[in-house]
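Chain A is the first sequence line, chain B the second, and so forth, proteins listed ahead of strands; every chain is numbered from 1.
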2 protein chains.
Amino acid sequence: MANFVYMKKLTIKDIAKEFNVSISTVSKALNDSYEISQATKDKIQKYAKENNYKPNFNALSLKNRSTKTIGVIMPTMLNYFFAQVFKGIEDAANKNGYKVITCISNQSHNKEAEIIEMLSNGSIDGFILSMAKETELKNDFKHFNETIENGTPIVMFDRVAHSIDCDKVIADDYNGALNTVEFLHKKGHKKIAFISTMSDLQIGKQRFLGYKKGLENVGLPFNDDLVVNILEKDYKKYEKK
Amino acid sequence: MANFVYMKKLTIKDIAKEFNVSISTVSKALNDSYEISQATKDKIQKYAKENNYKPNFNALSLKNRSTKTIGVIMPTMLNYFFAQVFKGIEDAANKNGYKVITCISNQSHNKEAEIIEMLSNGSIDGFILSMAKETELKNDFKHFNETIENGTPIVMFDRVAHSIDCDKVIADDYNGALNTVEFLHKKGHKKIAFISTMSDLQIGKQRFLGYKKGLENVGLPFNDDLVVNILEKDYKKYEKK
DNA sequence: CTGAAAGCGCTAACAG
DNA sequence: CTGTTAGCGCTTTCAG
């Protein structure tokens with residue numbers, strides 16, 4: 001194991017001592033305040049840069065009552081869709097000066113609630129999340145409501161709880177499936193199957209309905225043998241490790 | 001858009017006011033100090049629980065000089081290996097009371113340096129990271145050294161910089177490939193190919209050497225036609241979006 | 001058993 | 001142009 005000595009990071013106070021000025025002068029100088037002379041600003045900024053000064057994140061968050069970080073809760077990451085969404089969130093967040101704290105619910109309602117609990121202490125400014133499978137199946141959204149009531153905003157995506165009053169970003173699962181069927185039919189296909197790993201979730205149901213409607217629209221018969229639903233237990237087996 | 005009013009969270013001060021005691025009494029009561037009478041502790045703890053009090057994360061971090069959060073930098077998440085590692089880290093971190101701030105370098109040296117810069121302000125207690133491809137190719141590890149010198153520990157995994165003095169967790173790429181060849185040969189296979197998307201990285205080179213040594217060990221001829229290296233530019237094409 | 005005060009690092013009135 | 005002070009939420013001596 002490599003060794004680590006606790007190394008105190010440079011603070012505004014240290015800089016103040018260095019130049020025999022007050023800490024507020026340093027603070028203002030670093031923030032380029034008009035109140036400070038150019039000479040003072042120059043030397044202080046130079047010193048700060050050279051010595052790798054960085055304003056302490058926790059002090060700022062405490063003062064500003066804002067952490068500039070977003071809590072992201074994913075049902076899983078072992079799935080291309082969610083990994084892509086994550087990449088998108090992380091990227092957009094960074095571009096806007098936000099960090100991202102990410103947790104995986106692993107489809108568990110309990111874990112999801114725990115995560116929310118853990119982060120609802122001023123660690124983050126708000127949540128972006130997609131519900132755990134179990135949460136949707138149980139229809140238990142208490143933790144979401146409490147969080148929102150306690151002043152932490154939530155944005156849901158993909159697997160959303162429509163009954164919760166918050167912003168949501170969703171795909172048009174119904175028309176997506178419907179259009180796909182029509183597209184395949186136009187390409188000349190006659191036997192179009194429906195395979196799903198989430199027929200128990202709302203998004204799965206919507207896709208199935210869209211699939212059926214699509215068949216109907218193009219005049220193809222619905223055939224039960226062409227519908228494959230991977231069951232919950234098999235799915236779980238797959239999800240684990 | 002849903003609306004959000006800024007809602008002040010319950011603080012120790014509010015509780016103190018509620019019971020006409022000092023904030024230090026509340027603090028001690030909540031921490032179950034022996035200095036406080038059972039009666040006082042009971043009523044304060046009850047009130048805190050009922051009103052969903054949570055100690056402010058930033059105040060604690062500031063006071064303790066420790067954030068209980070780890071910065072994780074991944075080259076990509078669109079890759080089963082890294083997604084799995086991430087899951088493992090996140091899980092272990094949570095179990096030990098740590099949060100995880102995750103950023104994606106997207107194989108870019110610049111982005112990697114930026115991320116480190118952004119998080120080296122007291123946001124995290126240390127890093128767990130796997131180098132960006134570009135970083136390894138450039139052999140430019142300044143940012144790692146600076147970070148460690150400034151007192152933020154780094155643990156590297158998989159794609160590590162051996163010259164950096166820090167803890168590392170790596171796979172035995174050389175023997176992994178070697179054993180695989182021997183295993184396949186034992187199974188009766190004669191034409192064993194080597195396909196790699198990272199022949200330019202150390203781990204890729206080690207695997208290749210192991211592959212060759214394995215062939216030698218079992219007495220199979222090395223055949224250049226059985227070696228496929230997906231080139232950097234093709235790889236990049238694949239990595240993007 | 002309870003409270004006052006200092007301090008973590010920083011900002012922002014307000015004085016001078 | 002620079003400094004003093006209070007305060008963000010919390011813990012921790014030190015007094016009482």
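- We find that CG of B:Asp14 is positioned 8 Å from P of D:dG9, with the value rounded to whole Å.
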Quick one, B:Ser130 with B:Met74, criterion side chain to side chain contact (heavy atoms under 4.5 Å, CB included). Give me CA distance, side-chain angles, the key distance, then yes/no. CA-CA 6 Å; B:Ser130 186; B:Met74 294 276 174; 5.8 Å; no

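- Between B:Lys99 and A:Ser123, the shortest heavy-atom contact is CE-OG, 3.3 Å.
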Go through the steps for B:Glu146 and B:Asn150 under the test side chain to side chain donor-acceptor pair (under 3.5 Å), then give the verdict. CA-CA 6 Å; B:Glu146 277 175 13; B:Asn150 282 321; 5.5 Å; no

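- In terms of heavy atoms, B:Ile203 sits closest to B:Asp158 at CG2-O, 3.5 Å.
- Taking the six-membered ring where tryptophan is involved, the planes of B:Phe81 and B:Phe157 are tilted, since the angle between them lies from 30° to 60°.
- An OP1 or OP2 oxygen of C:dT2 is reached within less than 4.0 angstrom by no side-chain nitrogen or oxygen of B:Thr25.
- Of the listed residues (B:Arg159, B:His109, B:Glu112), just one forms a side-chain hydrogen bond (donor to acceptor under 3.5 Å, both in side chains) with B:Thr135, and that residue is B:Glu112.
- Per the geometry, OH belonging to B:Tyr53 stands 7 Å off C1' belonging to D:dG9, to the nearest Å.
- For the pair B:Arg65 CZ and C:dG9 C1', the computed distance is 9 Å after rounding to whole Å.
- Taking the C1' atoms of five terminal pairs at each end of the helix from C:dC1-D:dG16 to C:dG16-D:dC1, the two resulting helix axes are inclined by 60°, rounded to 10°.
- Judged by distance alone, the side chain of A:Asp125 and the main-chain N or O of A:Ser66 form no donor-acceptor pair under 3.5 Å.
- Note on A:Thr40: a side-chain N or O is less than 4.0 Å away from OP1 or OP2 of D:dT2.
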Identify each atom pair where a protein N or O and an N or O of nucleotides 12-16 of chain D are less than 3.5 Å apart, giving names and distance.
none

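- Distances from the side chain of B:Leu60 to the nucleotides D:dC8, C:dT11, D:dT11 place D:dT11 closest.
- Counting to the nearest Å, the P atom of D:dT4 and the NZ atom of A:Lys13 are 14 Å from each other.
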Go through it in stages, so that I can follow the logic: the residues are A:Asn145 and A:Glu149, the test is side chain to side chain donor-acceptor pair (under 3.5 Å), and I'd like the CA-CA distance, side-chain angles, deciding distance and then a yes or no. CA-CA 6 Å; A:Asn145 274 322; A:Glu149 275 166 25; 5.8 Å; no

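- B:Asn56 has its CG atom 6 Å from the C1' atom of D:dG9, to the nearest Å.
- Rounded to an integer number of Å, the gap from NZ of B:Lys41 to P of C:dC1 is 9 Å.
- Atom CG in A:Leu30 sits roughly 8 Å away from atom P in C:dT11 (whole-Å rounding).
- The shortest distance between the side-chain N/O atoms of A:Ser37 and the OP1/OP2 oxygens of D:dT2 is below 4.0 Å.
- Rounded to a whole Å, the CG atom of A:Asp32 is 13 Å from the P atom of D:dC1.
- Nearest heavy-atom pair across A:Gly71 and A:Ile124 is N-CG2, 3.7 Å.
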